[in-house]
Amino acid sequence: PRLDGEVGTVPRSEISNAFERLNGFLKKALDGLHFKMEEASDAWDMSKSIHDARSDISMVRLYVLTDGVANVDALSPDPLPGVDISWHVWDLRRLMRTATSGRGHEPVRVKFSDLTDRPVQCIVADPPGAGYRCLLAIVDGDLLVSLYRKFGPRLLERNVRSFLQLKGGINKKIRETILQQPENFLAYNNGLSVTASGVEVRSVGDGLAEMLSVDDFQIVNGGQTTGSLFRAVTKDGADPSAIRVQIKITEILPSADADELAPNISRYSNAQNKINMADFSSNNPFHRKMEGLSRTMWAPPTTGGSQQQTRWYYERARGQYNDDLARNKTPAQQKAWTAVHPRRQLFTKTDLAKFEQSWAQLPHVVSKGAQKCYLDFLDRLDARGNFLPDEDYFRKLIAKAILFRETDKIVARQDFGGYKANITAYTVALLSYVSEKRIDFDQIWSTQTIGPQLTDYIERLSVHVQSRIMATAGSRNISEWCKQAKCWDELKDSAYSEKPPAEALLKGKAKNAASDLTLDDLTNEEIGIVEAVARIDAQTWFGLSAWAKETGSLQPWERSLSFSLGKLASGGKKPSIKQARHGQRILDDAKAQGFLASDPSA
């Protein structure tokens with residue numbers, strides 16, 4: 001600052017020197033300048049913050065503020081490895097323009113010819129009397145990178161969030177798509193929603209136009225997409241040329257109430273029904289088969305004299321039950337439909353996971369919540385490889401559902417004062433453990449109840465579970481303690497001596513491993529596949545991996561799996577059923593293409 005009260009010109013050399021000093025401080029801060037400074041120093045906090053964030057920094061904007069007039073057209077900053085640096089001067093003229101604009105910020109004016117040598121074509125929609133027009137375009141990733149490089153966070157001043165780096169799971173998925181499947185980015189990503197106060201276009205015929213410039217360009221939805229793309233290019237070396245992004249620009253016309261319309265565009269662009277992770281797997285073949293079984297299989301009449309048969313309704317996609325109910329137009333039709341499909345027999349994907357994971361003796365996973373429990377179940381289901389439920393599986397799954405829900409009611413009646421969901425999951429798991437999984441599910445299915453003897457036993461078991469959880473938790477948070485595998489280990493080691501009632505147990509040795517969906521329990525067919533692949537020696541798998549690399553005959557993941565199977569074989573370990581299925585197919589395909597296996601058993 002000059003602080004002389006005069007509107008004087010600031011020489012280019014002074015501006016350049018100021019930026020050089022900023023640049024020097026930035027470099028030293030990234031290298032750990034704060035280690036050599038006193039903590040009481042004015043610059044210590046900033047220096048430490050820069051150093052702590054060094055792995056996340058992809059772009060730095062340096063500002064020089066002066067109370068003079070700077071006649072500087074362009075400045076070229078010294079580059080830093082992996083960091084994009086830009087210099088910006090704020091002088092009296094720029095401050096005056098911002099102060100008199102009535103916006104509180106300097107509007108972003110995008111001139112596309114400065115960013116790309118390609119015309120940006122769009123479709124223009126101009127609803128009569130609406131006070132706005134919309135322009136729809138698909139742009140190259142290079143253009144978005146150039147846009148963010150030039151304007152940075154100023155593009156997001158009307159967004160509900162700044163760029164969240166890679167702290168969120170969504171941003172990590174965006175990055176994965178950019179790095180691994182750039183050609184699919186357009187299909188996977190929702191693109192950008194932008195507001196503007198003025199758009200200059202040139203008609204090119206056939207209903208198309210070319211966008212020349214946009215005034216007050218603001219991204220109201222898609223800030224994470226833009227920031228993730230820029231970071232992937234500058235930090236990870238991604239190539240944006242294969243990426244395409246859709247953009248909707250809403251130009252607010254002078255006739256509209258901008259103060260009302262602009263905030264609503266931002267609000268509604270960022271508003272949607274919450275989507276759970278479980279929703280994304282609704283079309284999995286397992287769930288489709290479960291849905292089909294639930295629509296065709298009748299449950300036996302419940303005890304009490306009623307002959308009304310019902311169905312257990314599996315909701316594969318959220319909202320299905322209410323949709324099917326609504327298709328019945330009259331109250332009488334709806335009553336008849338709910339008599340066959342009572343709401344108490346509705347269960348969802350996350351319910352199914354909870355039933356299975358509790359019986360599979362994973363109560364600590366169930367305690368992590370519905371979504372995490374479901375995702376873990378999907379991983380275990382995936383590890384089984386191509387498992388599809390049948391009628392026998394469906395009947396036993398419903399028996400597990402009845403057992404779980406009846407246990408939940410029993411726990412609720414105990415009035416333990418909290419942690420009902422955790423105690424229920426642990427009680428079912430302990431029942432599975434002490435009974436050696438020998439509960440007679442066929443009997444539960446045929447009666448649609450667990451019976452009085454098992455009810456009394458579960459009541460006593462739940463008291464033991466609750467007392468042991470509280471005792472082993474000590475001073476720890478109970479909910480967090482229940483999420484740990486050690487909590488389950490402590491409960492298993494509690495040596496509960498009372499055995500389940502004989503009336504509730506299978507007669508003879510426990511069987512029915514396939515219905516439990518555990519990684520250790522396979523069908524006879526699956527056991528045969530695993531054993532056959534396990535007999536193939538390590539050298540064959542290593543040789544297959546090397547052959548595939550030389551010839552390019554296999555996909556990279558197939559080559560990698562071949563090597564992994566070799567490591568398992570060399571360590572005397574068996575593959576999972578999923579690995580075995582893929583390995584068997586890969587080896588057969590390779591032999592058909594000329595690979596000569598050294599192992600005769602292959």
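Counting from 1, the numbers follow the sequence of the chain as shown.
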#### Entry: Derivation of the ring-ring contact (aromatic ring centres under 6.0 Å, His included) call for W312 and H341
CA-CA 7 Å; W312 282 77; H341 307 91; over 10 Å; no
#### Entry: Full working for ring-ring contact (aromatic ring centres under 6.0 Å, His included) between Y313 and F347
CA-CA 6 Å; Y313 188 100; F347 66 108; 8.7 Å; no
### Task
Start with the C-alpha distance between Q357 and R380, add both sets of side-chain angles, then the distance that settles side-chain hydrogen bond (donor to acceptor under 3.5 Å, both in side chains), and finish with yes or no.
CA-CA 10 Å; Q357 299 284 73; R380 294 175 59 237; 2.2 Å; yes
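Close placement of the W359 and F441 rings is indicated, their centers lying within 6.0 Å of each other.
Remark: side-chain polar atoms of S358 are not paired, donor with acceptor, to backbone N or O of F355 under 3.5 angstrom. Remark: the backbone N or O of P300 is not paired with any side-chain donor or acceptor of Q309 at under 3.5 angstrom.
With a 4.5 Å cut-off on side-chain heavy atoms, E558 and L544 do not count as touching. Between L561 and Q579 the shortest side-chain heavy-atom distance falls below 4.5 Å. Taking the side chain as every heavy atom from C-beta outward, K437 and Q361 approach each other to under 4.5 Å.
Ring-plane geometry between W547 and F595 is classed as tilted, the angle between the planes lying from 30 to 60 degrees on a 0 to 90 degree scale. By the 30° and 60° cut-offs, the orientation of the rings of W445 relative to F394 is perpendicular. Ring geometry for Y457 against Y496 counts as perpendicular: the plane angle is over 60°, on a 0 to 90° scale with 30° as the lower cut.
No more than 12 heavy atoms of other residues, nucleotides or ligands lie within 6.0 Å of NZ in K372, so this atom counts as exposed by the packing criterion. The number of heavy-atom neighbours closer than 6.0 Å to NZ of K574, taken from other residues, nucleotides and ligands shown, is 12 or below.
The stretch residues 462-487 participates, sequence neighbours left out, in these salt bridge (Lys or Arg N to Asp or Glu O under 4.0 Å) pairs: E480-K483.
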